[in-house]
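Please read all numbers here as calculations on a predicted model, not as lab measurements. Every number for a ligand or one of its atoms is a count from 1 in the order of the listing.
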Amino acid sequence: MSEGRVVIVTGAGQGIGRAHALAFGAQGARVVVNDVGSAAEDVAAEVRDAGGSAVASLGDVSDWSYGAELVRTAVEAYGQLDALVNNAGLVRDRMLVNMSEQEWDLVLQVDLKGHFVPMRHAAAYWRDQSKAGTPREARVVNTSSGAGLMGSVGQGNYSAAKAGVVALTQVAAVEMSRFAVKLNAIAPAARTPMTEVVFAQTMAKPESGFDPMAPENVSPLVVWLASADCDITGRVFEVEAGIISPADGWQHGPREDRGAQWPVEEVGPAVRRLLEKAPPPVPVYGA
Ligand SMILES: NC(=O)c1ccc[n+]([C@@H]2O[C@H](COP(=O)([O-])OP(=O)(O)OC[C@H]3O[C@@H](n4cnc5c(N)ncnc54)[C@H](O)[C@@H]3O)[C@@H](O)[C@H]2O)c1
């Protein structure tokens with residue numbers, strides 16, 4: 001599926017990103033394994049030990065100049081870049097009323113800007129390739145979350161960042177269609193260092209049989225979305241265990257056009273009439 005393709009996976013030193021890197025390596029891709037720490041080197045070595053090809057690149061994906069360096073690393077090591085899997089992320093959970101400015105800023109910086117920066121530099125590379133008459137079958141897979149799709153109590157910063165990832169994916173999918181790049185996002189669930197504290201019970205490995213919450217279960221969809229065979233763009237998929245499910249996002253709802261400005265006293269009854277016709281929102285996680 002991925003034979004010879006060059007793929008960057010961010011935040012691949014552990015958890016879901018590590019599973020992606022190993023899956024790409026097993027499918028014959030050449031992998032650039034990013035993380036902030038030396039775990040990226042360990043995972044690149046794991047890919048190579050399994051017979052694949054990988055190099056490590058250590059750096060913060062939200063850093064503008066590092067984003068350029070990450071793309072350059074792929075091109076210098078392997079001569080090209082075919083796919084970017086934005087997976088790096090972190091959480092700083094806190095009820096909004098207690099959340100610090102630092103907790104807000106860090107999560108928005110890593111989880112949202114940390115998607116934009118590598119995409120921006122990869123996009124410029126693919127545009128240049130297209131202009132030079134050597135277009136690539138380029139793909140981007142971004143990582144949102146159920147928290148970004150439905151909201152999650154105690155995760156206002158993370159939910160906002162992950163909703164932003166979806167909006168960014170939708171816009172970029174249209175903009176980058178000009179040079180044939182296809183972009184999609186996933187909202188995964190798996191047992192990783194990020195979830196092992198809160199979901200230790202519900203995500204525990206069974207004594208035998210299929211291990212539904214193993215991070216490896218998320219990777220086949222990502223490998224396909226990053227492949228030249230993927231012919232869709234701008235969509236979001238929830239993925240966990242053996243389940244793949246396209247998520248249905250915001251839709252325009254019923255409407256009333258008064259043909260003139262609404263008097264404030266008529267607004268409440270109109271809103272209630274409209275909401276009787278609109279489908280109820282999916283409950284926020286943890287509500
Ligand atoms: N595990 C789940 O159930 C779940 C659910 C929804 C979404 N997600 C998302 O999936 C992705 C992977 O999650 P995970 O559970 O494997 O988490 P994890 O914490 O196990 O791994 C995330 C990795 O990202 C790296 N990282 C953090 N900041 C970075 C930065 N600035 N630059 C480069 N790397 C950085 C970390 O060092 C770590 O290795 C994240 O985007 C997460 O938000 C996970």
> Taking atom CZ of R258 as the centre, does the number of heavy atoms from other residues, nucleotides or ligands within less than 6.0 Å exceed 12?
Replying inline: yes
> Which is closest to atom 11 (C) of ligand 1 by heavy-atom distance: L58, V117, D35, N87?
Replying inline: N87
>> Please check this pair: side chain of D82 against backbone of V6, looking for a donor-acceptor N/O pair closer than 3.5 Å.
In response: yes
>> For atom 27 (C) of ligand 1, what's the nearest protein heavy-atom neighbour? Residue, atom name and distance, please.
In response: G89 O, 3.7 Å
> At under 4.0 Å between heavy atoms, which part of D111 makes contact with ligand 1: side chain, backbone, both or neither?
Replying inline: neither
> Which of the numbered atoms in ligand 1 are below 4.0 angstrom from a heavy atom of G15?
Replying inline: 16 (O), 20 (O)
>> Can you confirm whether K205 is buried at NZ, in the sense that more than 12 heavy atoms of other residues, nucleotides or ligands lie under 6.0 Å from that atom?
In response: no
> Taking side chain as C-beta onward, heavy atoms only, is W64 less than 4.5 Å from H121?
Replying inline: yes
> So which heavy atom in the protein is nearest atom 20 (O) of ligand 1, and how far is it from that ligand atom?
Replying inline: Q14 NE2, 2.9 Å
>> Give me the nearest non-hydrogen protein atom to atom 24 (O) of ligand 1 as residue plus atom name, then the distance to 0.1 Å.
In response: G11 CA, 3.5 Å
> Are any side-chain N or O atoms of T192 and backbone N or O atoms of Q14, one a donor and one an acceptor, separated by less than 3.5 Å?
Replying inline: no
>> So V61 and N86, do their side chains get closer than 4.5 Å, heavy atoms only?
In response: no
> Starting from atom 3 (O) of ligand 1, which protein heavy atom do you reach first, and at what distance in Å?
Replying inline: A190 N, 2.9 Å
>> Counting only heavy atoms closer than 4.0 Å, does ligand 1 sit against the backbone of V110, its side chain, both, or neither?
In response: side chain
>> So which atom in A23 and which in S219 form the shortest heavy-atom distance, rounded to 0.1 Å?
In response: CB-CB, 3.7 Å
>> How far is atom 31 (N) of ligand 1 from the closest protein heavy atom, and which atom is that?
In response: D60 OD1, 2.9 Å
>> Distance check, rounded to the nearest 0.5 Å: I186 atom CD1 versus S145 atom OG?
In response: 10.0 Å
>> I'd like to check which ligand 1 atoms, numbered from 1 as shown, lie under 4.0 Å from a non-hydrogen atom of G59.
In response: 32 (N), 33 (C)
> For ligand 1, which atoms, with element, lie under 4.0 Å from some heavy atom of A88?
Replying inline: 24 (O), 33 (C), 34 (N), 35 (C), 41 (O)
> Can you tell if the side chain of H20 reaches within under 4.5 Å of the side chain of V218, non-hydrogen atoms only?
Replying inline: yes
> Do the side chain of T134 and the main chain of Q129 share a donor and acceptor less than 3.5 angstrom apart?
Replying inline: yes
> Going by heavy atoms in the side chains, are L149 and E238 under 4.5 Å from each other?
Replying inline: yes
> Going by the atom numbers of ligand 1, which of them fall below 4.0 Å from some non-hydrogen atom of N34?
Replying inline: 33 (C), 34 (N)
Donor-acceptor pairs under 3.5 Å, side chain of residues 162-170 to any protein atom, not counting sequence neighbours: which ones?
| unit_1 | atom_1 | unit_2 | atom_2 | d |
| --- | --- | --- | --- | --- |
| K162 | NZ | T143 | O | 2.8 |
| T169 | OG1 | N142 | ND2 | 3.0 |
| T169 | OG1 | V165 | O | 2.6 |

>> Only heavy atoms of V36, strictly under 4.0 Å: list the atoms of ligand 1 that pass.
In response: 29 (C), 30 (C), 31 (N), 32 (N), 33 (C), 34 (N), 37 (O)
> When you look for heavy atoms under 4.0 Å from ligand 1, do you find them on the side chain of Y158, its backbone, both, or neither?
Replying inline: side chain
> Is A189 in contact with ligand 1, taking contact as a heavy-atom separation below 4.0 Å?
Replying inline: yes
> At under 4.0 Å between heavy atoms, which part of K162 makes contact with ligand 1: side chain, backbone, both or neither?
Replying inline: side chain
> Between E137 and R139, is there a salt bridge with N-O shorter than 4.0 Å?
Replying inline: yes
> Which of the atoms of ligand 1 are close to I16, meaning less than 4.0 Å from one of its heavy atoms?
Replying inline: 1 (N), 10 (O), 16 (O), 44 (C)
> Which ligand 1 atoms are under 4.0 Å away from a heavy-atom of S144?
Replying inline: 7 (C)
> What atoms of ligand 1 come closer than 4.0 angstrom to any heavy atom of T143?
Replying inline: 9 (C), 10 (O), 11 (C), 41 (O)
> Considering only the protein, which heavy-atom contact is closest to atom 5 (C) of ligand 1, and what is its distance?
Replying inline: P188 O, 2.9 Å
> Identify the closest protein heavy atom to atom 15 (O) of ligand 1: which residue and atom is it, and at what distance?
Replying inline: T192 OG1, 2.4 Å
> What do we get for V61 next to ligand 1 when only non-hydrogen atoms under 4.0 Å count, side chain, backbone, both or neither?
Replying inline: both
>> Using 0.5 Å steps for rounding, measure from the CZ atom of F24 to the OG atom of S227.
In response: 8.5 Å
> How far is atom 17 (O) of ligand 1 from its nearest protein heavy atom, and which residue and atom name does that atom have?
Replying inline: M194 CB, 3.4 Å
